[in-house]
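Notes to accompany the following structure.
What you see below is based on every heavy atom in this structure, not just the backbone, and it leaves out hydrogens, waters and symmetry mates.
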Amino acid sequence: MVPLFSYMGPSWSQLIRFHQQFPTVPLVAVVDPVRGPGSFRDPSFQLGIQSLQNAGIPVLGYIVTNYANIGLQGVEA
C-alpha cells in the first residue's frame, strides 16, 4: 500500500512506472480526496486516479475520521 496523500505529481507517475517495471509486485494506491483536490470535483485529480487504475493499480480513498469520531454521514459527505 502506497499513500499518495498529495496532489498529483511526480510521485504518481513514478508509482505507475514502478508498477510497469515490476507488474507482479502487489500494489495498492491510497489517495486522500479531501487533502488532494479539495472539496470540489477536480477533473485533473480524477484523471490521475484513472491513470493509476488504467495502469492496473487498485486505488482506495482515504477519509479522515478523527479517530472514528466522525459519523458515517460525515464520512459519506
I'd like a table of donor-acceptor pairs (distance under 3.5 Å, sequence neighbours excluded) in which one partner is a side-chain atom from residues 43-59, with atom names and distances.
| residue | atom | partner | partner atom | Å |
| --- | --- | --- | --- | --- |
| S51 | OG | L47 | O | 3.0 |
| N54 | ND2 | Q50 | O | 3.3 |

All N/O donor-acceptor pairs, side-chain side in residues 9-16, below 3.5 Å, sequence neighbours left out:
none

Exercise. So which heavy atom on D32 is nearest to which on F5, and how close?
Worked result: CB-CD1, 3.9 Å

Exercise. Of the non-hydrogen atoms in L60 and M1, which two are nearest, and what is the gap between them?
Worked result: CD1-CE, 3.4 Å

For this session: Not counting sequence neighbours, which residues clear ring-ring contact (aromatic ring centres under 6.0 Å, His included) with Y67? List them please.
Result: none

Exercise. CZ of F22 to CG of L27: how many Å apart, nearest 0.5 Å?
Worked result: 12.0 Å

Exercise. Can you list the steps and then say if L4 with V30 is a side-chain contact (heavy atoms from CB on, under 4.5 Å)?
Worked result: CA-CA 6 Å; L4 292 176; V30 182; over 6 Å; no

